[in-house]
> 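What follows is a structure written as structure tokens; I'll ask about it next.
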There are 4 protein chains.
Amino acid sequence: MSSTTPRKRLSREESQAQTRARLIDTARQLFVANGYGGTSIRDIADEAGYSQGAFYSNFASKEEVLLELLRGHMEAEAAQLSRLIDNEGRAPEQLLSELESWAATLNSDADWCMLSIELQLHANRSPTFAVEYRTVWDAHRAALGRVVGSLFATLGRTPPADPEQLAGAFMALTHGLALQRVAGRPDPSGRLILVFLRGLIASADSPQQQDG
Amino acid sequence: MSSTTPRKRLSREESQAQTRARLIDTARQLFVANGYGGTSIRDIADEAGYSQGAFYSNFASKEEVLLELLRGHMEAEAAQLSRLIDNEGRAPEQLLSELESWAATLNSDADWCMLSIELQLHANRSPTFAVEYRTVWDAHRAALGRVVGSLFATLGRTPPADPEQLAGAFMALTHGLALQRVAGRPDPSGRLILVFLRGLIASADSPQQQDG
Amino acid sequence: MSSTTPRKRLSREESQAQTRARLIDTARQLFVANGYGGTSIRDIADEAGYSQGAFYSNFASKEEVLLELLRGHMEAEAAQLSRLIDNEGRAPEQLLSELESWAATLNSDADWCMLSIELQLHANRSPTFAVEYRTVWDAHRAALGRVVGSLFATLGRTPPADPEQLAGAFMALTHGLALQRVAGRPDPSGRLILVFLRGLIASADSPQQQDG
Amino acid sequence: MSSTTPRKRLSREESQAQTRARLIDTARQLFVANGYGGTSIRDIADEAGYSQGAFYSNFASKEEVLLELLRGHMEAEAAQLSRLIDNEGRAPEQLLSELESWAATLNSDADWCMLSIELQLHANRSPTFAVEYRTVWDAHRAALGRVVGSLFATLGRTPPADPEQLAGAFMALTHGLALQRVAGRPDPSGRLILVFLRGLIASADSPQQQDG
DNA sequence: TATGAATGAGAGTTCATTCAT
DNA sequence: TATGAATGAACTCTCATTCAT
């Protein structure tokens, strides 16, 4: 925690943290590639260059790595959202163009999407995991809901449904499209998400001014 | 020996078909509940009330049941679609209300959706299965794409993206929302899908009046 | 048994005999190729073009086919021997040349040899089978022993060991060489067996005349 | 904790080596008794007093134990041969008497012989195993061939066939005789092998006196 | 006689996890 | 902390055999 050993090559704590980080990262790659059920602890340890024992020195079970990944996932999505939320108060055109570039990044986030699907699937099957997962998920959905709400507010329109539900629907769309990805075929995810977003805006009532 | 029990006794073929049907149905339920990887052939056979050997008398492998389910899935969705396609030539309001009642049925299709996700995940990991799967999937997407195309044609509007891609996006949305379902919470999937559909229609160019 | 139905295509008995014969022959081929343990009843039935049930209509168990093969094996070897035994009384040179052509046929008898090895191995493991097998084997060894004995008698020499034991050794040599056969490499079995036979003759004492 | 038991306690490496050795030895016994196909990994592990997992911690597959046994077999036979080869340069009578005592040991090698037969059978059926097996076999045959060659050279005679082929024939004879062994009956293998060897020597041309 | 679906035991193998080192 | 041999349960799949048809 405290950075009091800046000179030594790798303090014990740093070395341990590195082992842990490498195991987590390897686990993420393998879960994405082969699924949670399709990845064994031996796979993770071998691929990361450690023994199985090293895994158990750092995690109590396979599910615990998944929890760790959930935390990282949460942070990554929060960071993405905070970038969008900062755009509040900008002109509508600017906000839309920011959204556009955000949607473009989704294509490169295929891994996170697949991981998110694995997390959701596992939450649907493991009650203990579900508890942790719902908390993160609900928080994330609420945050994205606020972005959606403020987008419509900026445009001076009434959202066609509860912003949180719309946020959930956009996440659903993103994950569903990630599932459809086939190596070697172009991925239209980002573009399609924007098409749907523009549709929502177009269908929203604008009390003050007609269809501007 | 004598044919004195014409109603209850099953002929060999019937009995065999029944075994097969029960195994398939049990497999579907378990794949939905526990995932493909989380379901063992023991589970399926036990739950259906047969021996493991009975499973192997009917299917060459676990993947083959999945293929059988895929066929059933395809037929069910094709039937649904053909009902929608028959509506061609109706008035736009009628078509939309038909769509509305169709979307309402999606809520009860949660199982098919989860199965579809399992199928997609497995296709992403098993090249042999992928071949069969893509064929079915592409056909289905094309059919739904034609429904989408004819909807916009009926309304006299230009779809905001390739109808097939839109069809894929709606399927993605449906699957993504199914993934979010939590037992005990209300499921807004059907309603949200219609919200998005209306949005697309609203954002579509109509030849008569140009939308600025 | 009685040939009273010479006109009909295939009487019931003939048809059954044919099924049985085909199963036996297929079993022989598969035992030779894959071993007794490596051949399943399904393999035999499938390969012969029948159902597993057909197998059990003709044989009580897998071991029973092996017994059937043992009988066929015995007959085949008895036939071979009787040809050699008929040569008794001939001139020594003629006898040796007959033996030479017999040894040459061994190369084509690789299948019988491998079957013989399978039979021996199974006899070493199944006491019930061993009983039947030893009977056949002892009879065959005794018969071949008489041929060996009469060969030395014809040559006017004393065999360097008990003729029966020599017979067993020649069978051992034949089987051991069959085991060494590798597809694609020339098989010197026949020639080597003759080399050894000539060796025995050369080393045999001839009381009357020295080494002629 | 304290090192107060210096003799009995096994270090990790020792304990691991012991496990491996016990598994190998048990496998050898069972392969000999029941054949390769007739021996399951469960059998080996149970008989050795370990779990099946322990087997897989030490060997990748059932075939790998067979390879390990092959190596042991090879070393044992190489050691035997080197003892014979050291006898080069001795007087012919001495060499023959050495051979005689060597042949006597063959009787006690019944297990190795049966194992050798299992190895050969498995090599005939498993291409991957065949590769390893042929290498060892060819080397062994070549070594024994040199012993045979030097024996004839010592005796000043021309061998009646290629020494390597004669070596192969002697191995075939040994294996074939091992196959004939029946518990409770005396085993004349060693004596018969010497009878055949003397026969070969008797039939060999000797430069001094031409053998008609 | 012949069928082949169904059985139940057992095959080889993998896995998450434990524990002495 | 990290090791990896060892465990025991579970996995997919094959087998000889039974039995209703």
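Chain naming here is simple, since letters A, B, ... match the order of the sequence lines and numbering starts at 1 in each.
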> Report yes if some heavy atom in the side chain of A:Arg42 is under 4.5 Å from a heavy atom in the side chain of A:Asp46; otherwise report no.
yes
> How long is the gap from OG on A:Ser57 to CG on A:Leu23, to the nearest 0.5 Å?
9.5 Å
> Could you give the CD-to-C1' distance, from B:Glu63 to F:dC13, as a whole number of Å?
15 Å
> Does a side-chain N or O from C:Ser61 land closer than 4.0 Å to OP1 or OP2 of F:dA16, or not?
no
> Can you tell me the distance, in whole Å, between the CD atom of D:Glu14 and the P atom of E:dT21?
11 Å
> In whole angstroms, how far is the C1' atom of E:dT1 from the CG atom of C:Leu23?
12 Å
> Rounded to the nearest 0.5 Å, how far apart are OG of A:Ser116 and CG of B:Leu179?
8.0 Å
> Please report the interatomic distance CZ(D:Phe129) to CG(D:Asn124), rounded to the nearest 0.5 Å.
10.5 Å
> Can you pull out the residues from residues 30-60 of chain B that lie within a 4.0 Å heavy-atom distance of DNA chain E?
B:Tyr50, B:Ser51, B:Gly53, B:Ala54, B:Ser57, B:Asn58
> Ignoring hydrogens and angles, write down the donor-acceptor pairs under 3.5 Å from the side chains of residues 58-73 of chain A, residues two or more places apart or on other chains.
| residue | atom | partner | partner atom | Å |
| --- | --- | --- | --- | --- |
| A:Asn58 | ND2 | A:Ala54 | O | 2.9 |
| A:Ser61 | OG | A:Glu63 | N | 3.3 |
| A:Ser61 | OG | A:Glu64 | N | 3.4 |
| A:Lys62 | NZ | A:Tyr36 | O | 3.0 |
| A:Lys62 | NZ | A:Thr39 | O | 2.8 |
| A:Glu63 | OE1 | A:Thr128 | OG1 | 3.3 |
| A:Glu63 | OE2 | A:His122 | NE2 | 2.6 |
| A:Glu63 | OE2 | A:Ser126 | OG | 2.6 |
| A:Glu68 | OE1 | A:Arg20 | NH2 | 2.9 |
| A:Glu68 | OE1 | A:Arg71 | NH1 | 2.7 |
| A:Glu68 | OE2 | A:Arg71 | NH1 | 3.4 |

> Are B:Glu118 and B:Arg125 close enough for a salt bridge, meaning some N to O gap below 4.0 Å?
no
> Enter the distance from D:Phe55:CZ to D:Ile44:CD1 here, rounded to the nearest 0.5 Å.
5.0 Å
> Could you please spell out the steps behind the side-chain contact (heavy atoms from CB on, under 4.5 Å) verdict for D:Met114 and D:Ile117?
CA-CA 5 Å; D:Met114 289 309 291; D:Ile117 290 165; 4.0 Å; yes
> Which residues pass the side-chain hydrogen bond (donor to acceptor under 3.5 Å, both in side chains) test with C:Arg134, sequence neighbours left out?
none
> State the dot-bracket string of DNA chain E. Criteria: Watson-Crick or G-U wobble, both atom distances under 3.5 angstrom; notation: ( ) intrastrand, [ ] crossing earlier pairs, | interstrand, . unpaired.
.||||||||||||||||||||
> In whole angstrom, give the distance that lies between atom CD of A:Gln18 and atom P of F:dT1.
16 Å
> Between atom CD in D:Glu64 and atom C1' in E:dG12, what is the gap in whole Å?
14 Å
> Can you tell me how far the OG atom of B:Ser40 sits from the CG atom of B:Asn34, to the nearest 0.5 Å?
9.5 Å
> Taking distance alone, no hydrogens or angles, what donor-acceptor pairs closer than 3.5 Å link side-chain atoms of residues 24-33 of chain C to residues at least two apart or in another chain?
| residue | atom | partner | partner atom | Å |
| --- | --- | --- | --- | --- |
| C:Asp25 | OD1 | C:Arg28 | NH1 | 2.6 |
| C:Asp25 | OD2 | C:Gln29 | NE2 | 3.0 |
| C:Thr26 | OG1 | C:Arg22 | O | 2.7 |

> Near DNA chain F, counting only heavy atoms under 4.0 Å, which residues of residues 119-131 of chain D show up?
none
> With respect to the phosphate group of F:dA20, does any side-chain polar atom (N or O) of B:Ser15 fall under 4.0 Å of OP1 or OP2?
no
